[in-house]
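Everything below concerns the one structure shown next.
From a predicted model like this one, the values you see are computed outputs, not experimental measurements.
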Amino acid sequence: MLSRLVFVSASALKSSGPIGAGVVHASRCLHTSSQSLAPVPPLPEKGGKVRHGFIPEELFQLLYPKTGVTGPYMLGAGLLLYMLSKEIYVINHETFAAASIGAVIIYGVKKFGPSVGAFADKLNEEKVAKAQEVKDVAMSSLVQATEDEKKEQWRVEGRAMLFDAKRNNVAMLLETNYRERLHMVTNEVKRRLDYQIALQDLNRRLEQEHMINWVENSVISSITPQQEKESIAKCITDLKVLAKATQAKATA
C-alpha cells in the first residue's frame with residue numbers, strides 16, 4: 001500500500017506545479033542518463049501560492065480529488081490530535097514560547113513584510129539595472145568591435161586595389177623615366193648630328209669662299225692694264241648709250 005501511495009504521489013507531483021517539477025528534477029539528477037544534460041529550467045521570480053502563510057497550495061490540490069475540500073484540514077487536525085493523544089508531542093512551556101515567537105514573527109511579517117519586500121525589490125531592481133547597464137555597455141563595445149572588425153576586413157579587401165593602383169603608379173613612373181631618358185638621348189643625338197651638319201656646312205662655305213677668292217684673284221691677275229682701260233671705256237660707252245635711250249623714252 002505504501003509503495004502504491006508513493007507511485008501515485010509521484011505521478012501527481014509530476015503533473016503539479018514548481019514543487020513537483022523540482023522533485024522530479026531532483027530524482028532525475030540521480031540518474032546518469034543523457035537527460036541530466038538537459039538545460040535547467042529557470043527559477044521563478046515569485047514563489048507559488050500558499051495557504052495560512054506556509055502550507056503550499058499544491059498539497060491541497062493533491063488531496064482534493066481524494067478527500068474533498070475539507071480533506072487537508074481534517075488531515076492536519078487529525079494528525080495534531082493524534083500526536084497530542086499519543087503524547088508524541090507534549091505541550092509545555094516551550095510550546096507557549098514557540099507560539100509567542102511565532103505570533104511575533106507572523107505580526108512582523110504582516111506588519112513589515114511589504115515594506116521590507118519593497119526595499120528588497122528596490123535593491124534587486126538596482127542590481128538588475130546595474131547588471132543591465134554593464135551588459136548594455138559590453139554589448140555596445142562588442143557591437144563597436146564588430147563594426148571595427150568589418151571595417152578592417154573592408155580595408156583589407158580594398159588593400160588589393162590599393163596595391164594595384166600603387167603598382168600602376170610605379171609602372172607609370174618607370175615609363176615616364178624611360179620616355180624622359182629616350183627623349184634626352186634623342187636630343188643629344190640630334191644635337192651632335194646638327195653639330196656635324198653645321199661643321200660640314202662651314203667647311204663647304206669656307207671651300208666656296210676660298211674657291212671664289214682664288215678664281216677672282218686668278219681673273220684679276222690675268223687682266224692686263226690695257227684690257228682694263230678698254231673694259232672701262234666700253235662700260236662708260238655703254239652707260240652713255242643707256243642714258244640716251246632712257247632720256248628718249250622719257251621725252252617720248
### Query
Any side-chain heavy-atom pair from Ile88 and Tyr82 closer than 4.5 angstrom?
yes
### Task
Indicate yes or no: does Asp201 engage Arg205 in a salt bridge with an N to O separation below 4.0 Å.
no
### Message
Ignoring hydrogens and geometry beyond distance, is a side-chain donor-acceptor pair present between Gln144 and Asp148 at under 3.5 Å?
### Response
yes
### Task
Flag the pair Leu63 / Leu75 as yes when at least one side-chain heavy-atom distance between them is below 4.5 Å, and no otherwise.
yes
### Task
Check for a donor-acceptor pair, side chain of Asn92 on one end and backbone N or O of Thr95 on the other, with a separation under 3.5 Å.
yes
### Task
Begin from the C-alpha positions of Glu125 and Lys122 and carry the test salt bridge (charged side-chain N to carboxylate O under 4.0 Å, His left out) through to its verdict.
CA-CA 5 Å; Glu125 290 176 357; Lys122 183 178 179 181; over 6 Å; no
### Qualifying residues under side-chain hydrogen bond (donor to acceptor under 3.5 Å, both in side chains), relative to Asn169, sequence neighbours excluded
none
### Task
State the CG-CG distance between Leu193 and Leu199, to the nearest 0.5 angstrom.
12.5 Å
#### Entry: Pair Phe60 and Tyr73, ring centroids less than 6.0 Å apart
yes
### Task
Give the C-alpha distance, both sets of side-chain angles, the deciding distance and a yes or no for salt bridge (charged side-chain N to carboxylate O under 4.0 Å, His left out) between Arg167 and Asp164.
CA-CA 5 Å; Arg167 194 177 296 109; Asp164 292 338; 2.7 Å; yes
### Message
How long is the straight-line distance from CZ of Arg179 back to OG1 of Thr176, given to the nearest 0.5 Å?
### Response
9.0 Å
### Query
Between atom NZ of Lys244 and atom OG1 of Thr246, what is the distance when rounded to the nearest 0.5 Å?
12.0 Å
### Task
Say whether, by atom type as modelled, one donor and one acceptor occur between the side chain of Asn187 and the main chain of His183 under 3.5 angstrom.
yes
### Task
Using the salt bridge (charged side-chain N to carboxylate O under 4.0 Å, His left out) rule, take Glu133 and Lys130 through it: C-alpha gap first, then chi angles, then the decisive distance, then the call.
CA-CA 5 Å; Glu133 182 179 359; Lys130 290 181 180 180; over 6 Å; no
### Task
Please report the C-alpha distance between Asp136 and Gln132 in whole Å, then the side-chain angles of each, then the deciding distance to 0.1 Å, and finally whether the side chain to side chain donor-acceptor pair (under 3.5 Å) criterion is met.
CA-CA 6 Å; Asp136 293 338; Gln132 186 66 30; 3.1 Å; yes
